[in-house]
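Everything on this sheet refers to the single structure shown next.
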Amino acid sequence: MTPRKRYWMMKSEPDAFSIDDLARVGTEPWNGVRNYQARNFMRDGMQVGDGVMLYHSNCKVPGIAGLATVASAAYPDASQFDAGSDYFDPKATREAPRWFLVDVAFERKLRRVIPLEEIKRHADALGEGFPLTAKGNRLSVFPVTAAQWKLLLALE
């Protein structure tokens with residue numbers, strides 16, 4: 001029996017890495033995540049074939065810009081071992097890595113960015129605590145239910 005498909009939101013600043021960049025390279029390691037809960041979602045929750053919505057943050061119009069697929073099982077993020085990297089972690093070792101990533105494969109760019117302001121208008125339907133509409137810290141990686149996925153894509 002194959003496990004059921006899961007859905008995820010992954011945030012990126014488009015100046016650093018956008019849906020256009022993913023379209024250009026095809027598949028990319030989703031490195032540099034340095035939040036334990038987001039890491040755990042990638043390491044313990046994501047499976048090859050899961051759906052990903054790529055959300056552009058810290059830009060003029062933040063919003064969902066495209067779709068991707070989880071293309072690999074989780075593996076150690078090599079940037080944690082590179083002293084020259086912004087993501088270096090001196091406590092990480094190759095024997096006991098602290099940070100993991102998955103590869104993400106481009107699926108498609110949305111016909112239009114679904115802006116955060118529009119998403120917020122559907123907060124009740126998305127449910128209490130949906131990270132994009134909840135106040136407080138927003139994780140760079142978080143799960144999306146099948147119903148939330150369907151609702152958000154219907155906004156396209």
Side-chain angles (χ1 to χ4, degrees), residues 2-80 86-87 98-156:
T2 59
R4 68 176 175 79
K5 183 173 183 172
R6 295 179 182 169
Y7 301 96
W8 306 92
M9 185 81 64
M10 299 178 91
K11 291 169 49 176
S12 178
E13 296 179 13
D15 289 347
F17 193 79
S18 70
I19 190 67
D20 292 327
D21 294 321
L22 186 57
R24 182 178 39 78
V25 299
T27 302
E28 181 75 5
W30 205 259
N31 66 359
V33 172
R34 294 298 183 265
N35 172 284
Y36 288 108
Q37 189 174 10
R39 177 217 49 199
N40 293 349
F41 286 140
M42 288 195 295
R43 184 189 68 192
D44 304 331
M46 288 187 172
Q47 300 171 3
V48 173
D50 283 355
V52 173
M53 288 183 165
L54 184 60
Y55 180 90
H56 286 172
S57 65
N58 291 337
C59 55
K60 187 175 180 178
V61 180
I64 302 168
L67 301 179
T69 303
V70 175
S72 76
Y75 60 95
D77 182 341
S79 67
Q80 69 191 307
D86 290 341
Y87 302 112
R98 295 173 58 148
W99 305 106
F100 290 78
L101 58 77
V102 295
D103 293 340
V104 177
F106 177 79
E107 190 172 306
R108 71 178 178 91
K109 190 172 176 176
L110 296 185
R111 290 186 293 272
R112 67 179 186 97
V113 171
I114 303 168
L116 177 59
E117 288 308 314
E118 185 176 344
I119 294 166
K120 286 180 177 180
R121 291 197 298 268
H122 299 274
D124 288 343
L126 289 165
E128 186 177 335
F130 183 69
L132 288 180
T133 58
K135 293 198 184 293
N137 287 340
R138 296 192 178 125
L139 292 174
S140 60
V141 176
F142 59 88
V144 175
T145 67
Q148 291 165 338
W149 178 273
K150 186 176 179 180
L151 186 152
L152 291 167
L153 281 183
L155 299 177
E156 183 182 13

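Model, not experiment: these values are computed from the prediction.
- Here the CG atom belonging to L155 is positioned 13.0 Å from the NZ atom belonging to K150, to the nearest 0.5 angstrom.
- Taking CG of L116 as the start and CZ of R121 as the end, the distance is 10.5 Å to the nearest 0.5 Å.
- Taking both residues in full, the closest heavy atoms of V104 and A68 are given as CG1-CB, 3.3 Å, listed atom of the first, atom of the second, then distance.
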Test K109 against D20 for side chain to side chain contact (heavy atoms under 4.5 Å, CB included), laying out the working first.
-> CA-CA 8 Å; K109 190 172 176 176; D20 292 327; 2.8 Å; yes

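- The structure places NZ of K11 at 8.0 Å from CG of L139, a figure rounded to the nearest 0.5 Å.
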Residue pair L110, R108: steps toward the side chain to side chain contact (heavy atoms under 4.5 Å, CB included) verdict = CA-CA 6 Å; L110 296 185; R108 71 178 178 91; 3.7 Å; yes

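- At least one side-chain heavy atom of E118 sits less than 4.5 Å from a side-chain heavy atom of R112.
- The two residues G45 and R6 have their closest heavy-atom pair at O-NH1, 2.7 Å.
- In plain terms, the two heavy atoms of S18 and L54 that are nearest each other are C-CD2, 4.0 Å.
- Here CE of M10 is found 11.5 Å from CZ of F41. Values are rounded to the nearest 0.5 Å.
- By the 6.0 Å contact criterion, CG on D44 is enclosed, its count of non-hydrogen atoms from other residues, nucleotides or ligands being greater than 12.
- To the nearest 0.5 Å, atom OH of residue Y7 and atom CG of residue L152 are 12.5 Å apart.
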Checking side chain to side chain contact (heavy atoms under 4.5 Å, CB included) for the pair I64/M9: CA distance, chi angles, key distance, verdict?
-> CA-CA 9 Å; I64 302 168; M9 185 81 64; 3.8 Å; yes

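- Atom CE of M46 sits about 10.0 Å away from atom OG of S72, to the nearest 0.5 Å.
- When all heavy atoms are compared, the tightest approach of W8 to W149 is O-CZ3, 4.0 Å.
- A donor-acceptor distance shorter than 3.5 angstrom exists from the side chain of Q80 to the backbone of R98, with no hydrogens or angles considered.
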Let me have the donor-acceptor pairs involving side chains of residues 27-35, under 3.5 Å, with sequence neighbours excluded, atom names and distances please.
unit_1	atom_1	unit_2	atom_2	d
R34	NE	Y87	O	3.2
R34	NH1	D77	OD2	3.2
R34	NH2	S79	OG	3.1
R34	NH2	Y87	O	2.7
N35	OD1	Q37	N	2.9
N35	OD1	A38	N	2.9

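- What you find for L126 and L151 is that their closest heavy atoms are CD2-CD2, 3.9 Å.
- Between P14 and C59 the shortest heavy-atom distance is CG-CB, 3.7 Å.
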With side chain to side chain contact (heavy atoms under 4.5 Å, CB included) as the test, would you mind laying out the steps for E107 and V52 before giving the verdict?
-> CA-CA 9 Å; E107 190 172 306; V52 173; over 6 Å; no

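- Contact check for D50 versus V102: no side-chain heavy atoms found under the 4.5 Å cut-off.
- Aromatic ring centres of W99 and Y75: separated by at least 6.0 Å.
- Side-chain atoms of E156 come within 3.5 Å of backbone atoms of R111 as a donor-acceptor pair (strictly under, hydrogens ignored).
- Taking the side chain as every heavy atom from C-beta outward, E13 and S57 approach each other to under 4.5 Å.
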